[in-house]
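All values reported here derive from a predicted model rather than from experimental measurement.
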Amino acid sequence: MIADYIGDFVFFVDIFVNMFTSHLADDLTVACEPRKLFRYWFRHTTGKMDLLAILPTDLIFLGMGMNKPYCIFRLNRYFKWYKLNEWFRRTEAMVPDPQTLRLISVLFKFFIMIHLNACLYYFVSEQAGLNSDGWVYPGEAKWRKTGVNETNEDDALSTKYTWSFYWSFHSFTMIGIVQQPQKEWQFLFMTAQFVLGVQLFSQILGNTIQTVLKATDAARKFRNKIDAAFQYLEMRGVSKEIQQRVRDYFEYQWIQRRLIDDKEALESLPEKLEADLAIKVHLATLKHVRIFQGVEPGLLVDLVLKLELQVFAPGEYVCRKGDIGRELYIVKKGCLEVVSDDGSFVYARLGEGSVFGEISILNIKGIKSGNRRTANVRSIGYADLFRLSKHHLWEALEEYPDARTKILEIGRQLLVKDNLINLQEEAEHHANHQKFLDSFVKVTEGVNEVQTKFGRLVAERAAVVFKLKQRIRRLEHLTDLEDERDAWLAAGAPKQRPKPKPVVVEPPPPPPTKPGKTVKDMRKKAPVKNARK
């Protein structure tokens with residue numbers, strides 16, 4: 001009973017914590033006000049279950065006495081069962097192997113049901129009379145007393161619980177044979193046991209199969225990729241040497257546990273969360289690149305999302321001397337070597353964190369190698385390299401002009417330091433570029449001047465057209481007056497002459513202006529007097 005009331009105290013503490021736990025309100029704001037939290041908890045299903053679980057059903061003992069405090073009066077505590085499910089659900093997100101935890105959860109709940117059934121069996125046996133027949137406790141146990149007036153009421157608690165648990169496990173799993181019932185109510189009780197046992201056992205079996213399938217799902221998909229690859233190789237008649245290289249590659253992927261592609265695993269995440277995760281994993285690697293040291297953090301974030309992982313097999317060349325440089329490489333794992341053209345002499349070794357190919361993607365004019373690779377780089381074993389393409393780099397630099405200028409200057413300083421740049425050719429390029437810019441400025445100014453003159457001509461034409469329209473309307477008005485006078489004279493000169501219709505003069509249309517200029521600005525450049533002339 002001490003353990004029972006310790007559990008009740010824990011329930012009270014848990015209810016108090018739940019009562020004032022913040023939650024996400026309907027308007028997507030976090031509710032923190034105590035009064036609103038209490039109202040939400042009281043109206044929510046969990047609040048009602050907490051109240052039912054903590055009802056003082058122990059007061060029934062005051063009327064029945066404390067001689068036989070059956071646990072059946074405390075079954076309302078099982079309304080806190082939802083807390084167990086919530087604990088398992090939250091723990092799954094924190095353990096490295098959630099599939100195993102789900103299986104443990106199912107088995108734990110199954111043993112809880114066996115425990116409750118064992119308690120129910122002993123309670124029914126005690127009500128029917130212990131040792132009254134071969135079905136009730138202790139059944140066929142070896143400690144069954146066979147005397148006329150002997151019962152097993154004085155058995156130890158561990159003995160009673162062991163047999164009851166054993167009988168309950170047999171009934172639920174239907175493994176082995178239990179004593180056949182001897183009375184009608186016992187048959188009904190066993191029928192309910194078998195029905196419930198089939199349901200529980202099928203649920204455990206289904207959850208176990210589902211857990212195993214989910215645990216091996218990545219491996220199954222990876223094996224399907226291997227089978228598809230080898231079917232393609234066989235269909236195309238690829239040589240055994242290439243097939244062995246493909247097999248070694250898949251074996252390396254299997255050993256490294258790279259069964260799922262990074263992009264495939266993270267495609268369901270929001271873009272911002274995916275970016276934060278990539279920054280956490282790869283930002284330190286990108287900072288090793290000399291040309292990116294000290295640039296804006298925003299540029300590094302954009303570049304991190306554009307890194308691609310590539311795997312190179314033993315003896316495979318990452319790049320060869322004379323190839324056009326289109327990528328920058330960062331060694332994540334493995335070891336590379338810089339070798340001669342025939343591969344017989346090793347100049348240097350590149351380990352984890354080494355960077356090469358960064359200068360060739362900057363398009364700096366005057367490089368003696370002409371943006372081509374200057375060395376042969378070969379993988380010693382399997383090597384994992386991050387690749388950043390020239391296209392992705394310049395696409396990101398378009399949004400960061402200051403960083404672009406700084407990176408180009410750093411790259412130029414590195415080339416000057418290693419004597420890999422032709423300063424005369426660079427100066428000629430800058431001079432040609434400056435000449436091009438000057439020509440472009442002149443062309444732009446000429447286009448602007450032509451646009452201004454064209455605007456003036458359009459304004460003059462509009463003014464002339466407006467004046468002609470006014471003259472035509474006046475002539476039409478005079479003609480109408482002559483017609484009315486003739487009609488008036490022909491009618492015998494009435495006493496009152498009709499009033500002529502007023503002449504409606506439309507305002508002149510506004511002259512078209514160049515975007516960014518007002519009519520006032522145009523008038524300053526093209527006065528009306530000059531337009532009239």
Side-chain angles (χ1 to χ4, degrees), residues 216-234 236 238-267 269 274-275 277-289 292 303-339 343 346-358 360-361 373 375-393:
T216 59
D217 184 61
R220 179 175 54 82
K221 290 182 179 180
F222 186 76
R223 284 193 292 268
N224 291 338
K225 291 181 180 179
I226 297 176
D227 296 340
F230 280 101
Q231 287 178 5
Y232 175 82
L233 296 178
E234 290 291 341
R236 298 298 181 183
V238 180
S239 64
K240 297 295 182 181
E241 181 183 357
I242 301 297
Q243 292 187 18
Q244 184 61 39
R245 292 178 59 185
V246 174
R247 187 177 290 106
D248 293 341
Y249 167 77
F250 280 118
E251 184 178 357
Y252 171 75
Q253 294 289 82
W254 178 269
I255 294 174
Q256 297 296 322
R257 307 304 297 172
R258 292 181 184 155
L259 308 182
I260 302 177
D261 185 68
D262 293 345
K263 294 183 178 179
E264 181 182 351
L266 303 178
E267 63 181 1
L269 295 178
E274 183 180 357
L277 183 60
I279 291 170
K280 187 69 175 178
V281 176
H282 304 312
L283 186 59
T285 303
L286 196 61
K287 288 182 178 179
H288 286 93
V289 184
F292 296 145
L303 294 179
V304 161
L305 299 177
K306 301 179 186 299
L307 290 177
E308 298 177 1
L309 182 64
Q310 287 191 341
V311 179
F312 290 89
E316 185 176 358
Y317 279 85
V318 180
C319 62
R320 292 182 180 272
K321 186 176 180 179
D323 293 345
I324 297 176
R326 297 188 180 92
E327 301 92 4
L328 172 152
Y329 290 101
I330 306 173
V331 182
K332 178 187 177 185
K333 188 177 182 181
C335 188
L336 307 175
E337 56 186 6
V338 182
V339 298
V346 178
Y347 296 107
R349 290 182 181 271
L350 305 176
E352 296 182 9
S354 300
V355 181
F356 60 94
E358 67 270 25
S360 60
I361 65 175
R373 303 294 186 187
N376 303 297
V377 181
R378 184 176 61 189
S379 176
I380 298 177
Y382 278 100
D384 298 342
L385 276 68
F386 282 121
R387 183 178 75 95
L388 179 63
S389 66
K390 179 189 294 186
H391 169 71
H392 288 156
L393 173 64

Checklist entry - Looking at side-chain heavy atoms only, is the closest gap between V238 and V246 below 4.5 Å? => result no
Item to check | F292 and L388, any side-chain heavy atoms less than 4.5 Å apart | outcome: yes
Checklist outcome for this item: Tightest non-hydrogen contact, residues L303 and H392, listed as CD2-O, 4.4 Å
Next on the checklist: Does any part of the side chain of R247, heavy atoms only, come nearer than 4.5 Å to the side chain of F230, both counted from C-beta?
Outcome noted: yes
Checklist entry - Does the Y382 side chain pair with the main chain of Q253, one donor and one acceptor, at a distance under 3.5 Å? => result no
Item to check | pair Y347-V339: side-chain heavy atoms closer than 4.5 Å | outcome: no
Checklist entry - What distance do N376 atom CG and D323 atom CG have between them, rounded to the nearest 0.5 Å? => result 8.5 Å
Checklist entry - Is the Y329 ring parallel, tilted or perpendicular to the F356 ring (thresholds 30°, 60°)? => result parallel
Item to check | F250, CZ: over 12 other non-hydrogen atoms inside 6.0 angstrom | outcome: yes
Checklist outcome for this item: Checking K306, K390, R387 against E327 for salt bridge (charged side-chain N to carboxylate O under 4.0 Å, His left out), the one that qualifies is R387
Next on the checklist: With a 4.5 Å cut-off on side-chain heavy atoms, are H391 and R326 touching?
Outcome noted: no
Next on the checklist: So that I can tick it off, tell me whether D227 and R223 are bridged by a salt bridge, with the cut-off set at under 4.0 angstrom between side-chain N and carboxylate O.
Outcome noted: no
Checklist entry - Should the heavy atoms of other residues, nucleotides or ligands under 6.0 Å from CD of Q244 be counted, would the total exceed 12? => result yes
Next on the checklist: Under 4.0 Å between a side-chain nitrogen and a carboxylate oxygen: does that hold for R220 and D217?
Outcome noted: yes
Item to check | Gap between atom CG of L233 and atom CD of Q231 - 0.5 Å precision | outcome: 10.0 Å
Next on the checklist: With rounding to the nearest 0.5 angstrom, report the OH to CD distance, Y249 to E316.
Outcome noted: 10.5 Å
Checklist entry - If you look at every heavy atom in L336 and A383, which pair is closest and at what distance? => result CD2-CB, 3.8 Å
Next on the checklist: Under the criterion side-chain contact (heavy atoms from CB on, under 4.5 Å), I'd like the reasoning laid out for Y317 against V377: C-alpha separation, chi angles, the key distance, then a yes or no.
Outcome noted: CA-CA 6 Å; Y317 279 85; V377 181; over 6 Å; no
Checklist entry - Given side chains that start at C-beta, do those of E337 and R349 come closer than 4.5 Å, heavy atoms only? => result yes
